[in-house]
Every structure is written in C-alpha cells, then in structure tokens.
Amino acid sequence: MTELVSLARLDGMAQAELCARGEVSAEELFEACLARIDALNPLLRAVVTVARERPGAAKPGPFSGVPFLVKDATPWPGMRWSMGSRLFANNIVPQQTPYGRRLEEAGLVCVGKSALSEFGLLGSTETLLEGVTHNPWDLSFSATGSSGGSAAAVAAGLVPLAHANDGGGSIRIPASACGLFGFKPSRGRTVPAAFGTSDFLEMTSDHCISRSVRDSALFLSLTEDRSATAPVGFVREPIRRKLRIATWTRTMMGEEPEPSVRRAYDEAVALLTELGHHVEPIAPPDFDGPALRDAFFLVAGAAIAGIVEMVDKTRDVPVQTDELEPFTWELVENVLAFGPDALPWSRAAFAKAIHAYGEAARGCDVVLTPTLATETWRIGHLSPVLKREELLRRTARSVGYTPIQNIAGCPAMSVPLCFPEGGLPIGMHFAAAPGEDALLLGLAYQLEEARPWKDRWAPYSIPALFSERPSL
C-alpha cells in the first residue's frame, strides 16, 4: 500500500490514520521522510540537523508515527540546540522540556531541527551559522522568519507539520510567505517549551506550522496547559455562527499595505461577507509606532544581553564579536546604552499599545488585517549584517500587524487565502481576544472549506518535483 500512497501529500492526521490501520509502518514513515529531506533539503536548507537513527516504536498517540521537525529555538534531547547562533554551535542538552514530552506522548517522531534567524530576532531565516533558507515558491525569495525553516519544510512536503514559535509574528509571517496555515495560541495556553524567563519569552507562543487546520487544532489540544487555562480541546468543525469582524489596513507605523496585498485583503473581505459575517471597517488603534517598535527590540535586546551575561559567567573568555551576528550585537549594545530603565520604559509602551488595541477592537469577535504589509521579500533584504536602523526600518514597514497580538497575549492566525498567478502566497491575518482560540480555529475550518489550499504546492516541493515517485 505504501507504494500507492504519496505520503508527502498527506497531512499529519492522514499519515497517522494510515499507520493506525497498518497500511504503513512508523519506520516506513520515518524512512520516507528522510528520503524527502535528502532529496530537497540541500537546495532549500530548511533542516539544520537530521536525526538519522531509526526511532523505537512510536508511542500510541493521535499522531503516532508521524515525522515532524522541532524549530532550533527549542531544545530536544541529544540534538544540537544552536538557536541559529555561532555562540551555541556545539550546544547539546540532555533533558526534555514539558512541551517536548507532550509531543512524544502524542506519538510524533522528531526527524530533526529546523532553521531560524539568530535567536529568532529577524524576519528572514539567513544566518552566519547555517546560511540561507530558501522559499519553495521561489528560491530567490526568503522563507521569512523566524520560523522560516519550519515553513519551508512543510511547504516543500518534507514533513506534514513542524514545530514553530512566535514572539512577534514568527509563525504567522512564514506561514503567509509559504502558503500555509499558521496559528499562534493565546499567552499561557500551552505548557512551557523553553528554559528560562524573560519579557521576550513571555511574549512568545509555541505551536506549529501545518498544511491543514485539523493538524494545527489537534496539535494545540495535545500541548495545552490544562492547569492554567480552560482547555480548548480538539476543535473539529467550522464555526456555525456569524461573526462581527472589525478590520483595518493601516500598520502600527501608520502606513498602508502594498497594492497587491490590498487586493488580497479586499478578496478576503468579500469572502467573509459571502460567508455571512459582518465585516466592519473601523479606525485602527492609535499606536505610537516608533515607540512600540523600539520597545519591542529593547525587550529582545535585553533577553540577548541576559544570555551573553550568563555565558560570560560560565567561561574564562567573554563572548566574542564573531560569536554573534552584527545585528544581534547592536541590539545588545543599544539596550545597555539605554540603561536600567529599558524594560520599565518598554513595558509602559506595551501597556499603552494594549489599551489602544483593546479600545479599537472592543465589541468585535475577530480582527482582520493582512498578515504582512508588503509582498514577501527577497533574500538579503533582512540580512543580519545590515545596520540595525535599516533593519528596523525595513521590518517595521512589512511587519506592522502581527506584534500586537504577542504583546496583548491574543490568539492569532495567518490563513493562506491568496495565491497570485506568478507570485508568492499572501496570507490574511485574524485575531481574537485572549482565550478565544477555539473561535479562531472554527473560523479557520470555515475558510479552509470555502477556499481549499491543501493541494496548492510550491514549485520546489516534493509533490511538484517528484510526482512520479509516490513512495516519497
């Protein structure tokens, strides 16, 4: 039966169902996944560590036998945990996280680690440690970031789903750029996925990037922290009620999206109206964009400064210039120059932004914006060797919608609704109030049913390139 099934075309739940029926073994799923990685990863550079040792028997969970990747922002026992940085190029941890244990109990089989930007700081997955991760839709374009490796691997059919995390859009942005579904849970929804604490980690949610909504919904149900929040469980069906959807297009910097993005947004509004939802254009939140941008990167810089300080205490030689990328060093230097008021000032800026966002969205069920204000960028546009001010300017122009949900703790998602002829996918962004994860997933199912995307494969994907080799 294995030879008759194109495994790369199946989502995680479909692969698990084949395995449960005995039509394919967990070992065959693992070996087929390795074959796909060997065939295409040298071109895409989405996977930075491959686990070639055959796993033991998969645990009998809902995803039993299904291969997946862990973003290299997160430790996994026995595998390198570099966080995309030369500083940790040889770092290996023996212990599993509570989050990782949940994934193992679900039956998922880790086949490796996916690429990210250094410490997840930039929106393009190109590092001095690992090189460039290419977008399977066009190799001259970035897979974006920071979860670019996970998105590229799923878009290329190397794995059906991949772990990712999101501190300012790092799940949703690559999902948009690669034509995938990217969901960010509410703050506190899932069990911890990383060691340590910081303001930056507080804003970060762990989840996955997937081809199907059901894979994402099941993944969430398996990683929920049931002691901290009312559990969502496994959301299985489209939403049945009509929603009030508030919408705006102006970014936090006060700019409008590019024309192609605006066209995709208009199509999304028309679709939602066709589905019976009430879509209401409203005045956007009154953000102080420059202050919000600066606060976000001060918080990120403080987290990295803490890492540098920790490493300095554990060895005789302090962290050297060539162990961090130029942009990362500039963030550290900037937060140190700001002084001890950096975090209090940033928290105050965040509090003002949360208030403005809450006032704008009051009374609505869902907020709609584009995921990105611009089309996906080419490789090099957000290179870590560029100057900090230029990178901040370019980032703020494109990434003007997604960070507020991290700051406010809201669930949010990018849905692949637009596939322009001859262009890269354009995702649409939906957010809800903290805790309303189930509502968003129900809407996602409805949109997936109305505009199916599962059979839209990138040109540089296993199904597009190896259609005559179904065992892959």
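Below, each value reflects all heavy atoms present in this structure, side chains not excepted, and no hydrogens, waters or symmetry copies.
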Hey, does the Lys NZ or Arg CZ of R456 hover above the aromatic six-ring of W137, less than 6.0 Å from the centre and inside 45° of the axis?
-> no

State, to 0.1 Å, how close F119 and F200 come at their nearest heavy-atom pair, and which atoms those are.
-> O-CE2, 4.2 Å

Do V367 and Y357 have side chains that get closer than 4.5 Å, going by heavy atoms?
-> yes

Hey, is K113 close enough to D72 for a salt bridge, meaning N to O under 4.0 Å?
-> yes

Mark yes or no for whether R451, through its side chain, and L417, through its backbone, hold a donor-acceptor pair below 3.5 Å.
-> no

So, the side chain of S117 versus the backbone of L122: is there a donor-acceptor pair under 3.5 Å, distance only?
-> yes

Salt bridge R226-E224, side-chain N to carboxylate O under 4.0 Å | no

Distance-only polar pair, side chains of Y265 and T247, donor-acceptor under 3.5 Å = yes

In terms of side-chain geometry, is the basic nitrogen of R378 or E126 positioned less than 4.0 Å from the acidic oxygen of its partner?
-> no

Nearest atoms (heavy-atom pairs only) where A46 meets N41 = N-OD1, 2.8 Å

State, with a plain yes or no, whether a side-chain heavy atom of L43 is found less than 4.5 Å away from one of L139.
-> yes

Are E375 and S260 linked by a side-chain donor-acceptor pair shorter than 3.5 Å?
-> yes

Aromatic ring pairing H207/F183, orientation class (parallel under 30°, perpendicular over 60°, tilted between) = perpendicular

Would you check if there is a donor-acceptor pair between the side chains of R102 and T223 at a distance under 3.5 Å?
-> no

Donor-acceptor contact present, side-chain D215 to main-chain S210, <3.5 Å | no

Does any N or O in the side chain of S186 come within less than 3.5 Å of the main-chain N or O of G435, such that one atom is a donor and the other an acceptor?
-> yes

First locate atom OG of S146, then atom CE of M83, and finally report the distance between them rounded to the nearest 0.5 Å.
-> 12.5 Å

Salt-bridge contact R214-D11 (side-chain N to carboxylate O under 4.0 Å) = yes

Measure from the side-chain N and O atoms of S461 to the backbone N and O of A156, and report whether any donor-acceptor pair falls under 3.5 Å.
-> no

At their closest point, which heavy atom of A8 faces which heavy atom of W457, and how far apart are they?
-> O-CH2, 3.3 Å

Which heavy atom in V279 sits nearest to a heavy atom in V269, and how many Å separate them?
-> CG1-CG1, 4.0 Å

Step by step, work out the side-chain hydrogen bond (donor to acceptor under 3.5 Å, both in side chains) result for K71 and S147.
-> CA-CA 7 Å; K71 181 179 175 180; S147 306; 2.8 Å; yes

Is it true that atom CD of Q95 has more than 12 heavy atoms of other residues, nucleotides or ligands lying nearer than 6.0 Å?
-> yes

Please name all residues satisfying salt bridge (charged side-chain N to carboxylate O under 4.0 Å, His left out) with D437, sequence neighbours left out, ordered by chain then number.
-> R189

With the side chain counted from C-beta on, respond yes when I426 and P420 share a heavy-atom pair under 4.5 Å apart, and no when they do not.
-> yes

Do Y445 and V235 touch side chain to side chain, with heavy atoms closer than 4.5 Å?
-> yes

Q15 side chain to L7 main-chain N or O, any donor-acceptor pair under 3.5 Å?
-> yes

Correct closest heavy-atom pair for V232 and A438 would be CG1-CB, 3.8 Å

Judged by atom type as modelled, is there a donor-acceptor pair below 3.5 Å linking the side chain of R211 to the main-chain atoms of F181?
-> no

Compare every heavy atom of H134 with every heavy atom of A143, then report the nearest pair and how far apart it is.
-> CB-O, 4.1 Å

Is the shortest heavy-atom distance from the side chain of V111 to the side chain of L158 under 4.5 Å?
-> no

Look at the side chain of T371 and the backbone N and O of G427, then say whether any donor-acceptor pair between them is shorter than 3.5 Å.
-> yes

Any side-chain heavy-atom pair of T369 and F430 under 4.5 Å | no

Evaluate whether atom OH of Y99 has more than 12 neighbouring non-hydrogen atoms of other residues, nucleotides or ligands under 6.0 angstrom away.
-> yes

Taking atom CD1 of I173 and atom OG of S414, what is their separation to the nearest 0.5 Å?
-> 9.0 Å

Atom CG in L40, atom CZ in F466: separation rounded to 0.5 Å?
-> 6.0 Å

Please report the C-alpha distance between F419 and L424 in whole Å, then the side-chain angles of each, then the deciding distance to 0.1 Å, and finally whether the side-chain contact (heavy atoms from CB on, under 4.5 Å) criterion is met.
-> CA-CA 7 Å; F419 293 81; L424 273 67; over 6 Å; no

Y460 (side chain) donor-acceptor with L465 (main chain) under 3.5 angstrom | no

Side chains of L10 and P160 in contact at under 4.5 Å (non-hydrogen atoms) = no

Hey, could you give me the NZ/CE distance between K184 and M203, rounded to the nearest 0.5 Å?
-> 10.5 Å

Kindly indicate, with the supporting measurements, whether the criterion side-chain contact (heavy atoms from CB on, under 4.5 Å) is fulfilled by F63 and L103.
-> CA-CA 9 Å; F63 277 124; L103 300 180; over 6 Å; no

Name the orientation class of the two ring planes belonging to F327 and F297 (parallel below 30°, tilted from 30 to 60°, perpendicular beyond 60°).
-> perpendicular

Classify the side-chain pair T374/E258 by whether it contains a donor and acceptor separated by less than 3.5 Å.
-> no

Quick one: do V66 and L161 satisfy side-chain contact (heavy atoms from CB on, under 4.5 Å)? Show the steps, please.
-> CA-CA 9 Å; V66 177; L161 73 166; 4.0 Å; yes

Can you tell me how far the CZ atom of R187 sits from the CD atom of Q405, to the nearest 0.5 Å?
-> 11.5 Å

May I ask you to decide whether D365 forms a salt bridge with R241, counting only side-chain N to carboxylate O separations under 4.0 Å?
-> yes

OG (S383) and CZ (R394) are apart, to the nearest 0.5 Å, by 9.0 Å

State whether a side-chain donor-acceptor pair under 3.5 Å links S150 with S114.
-> yes

Are the side chain of S221 and the backbone N or O of L218 linked by a donor-acceptor pair below 3.5 Å?
-> yes

So do W81 and W76 actually touch side chain to side chain, heavy atoms under 4.5 Å?
-> no

Stepwise side-chain hydrogen bond (donor to acceptor under 3.5 Å, both in side chains) check, R172 with N406 | CA-CA 11 Å; R172 294 160 285 161; N406 299 84; 2.6 Å; yes

Working for side-chain contact (heavy atoms from CB on, under 4.5 Å), residues I379 and F141 = CA-CA 5 Å; I379 289 165; F141 282 80; 5.8 Å; no

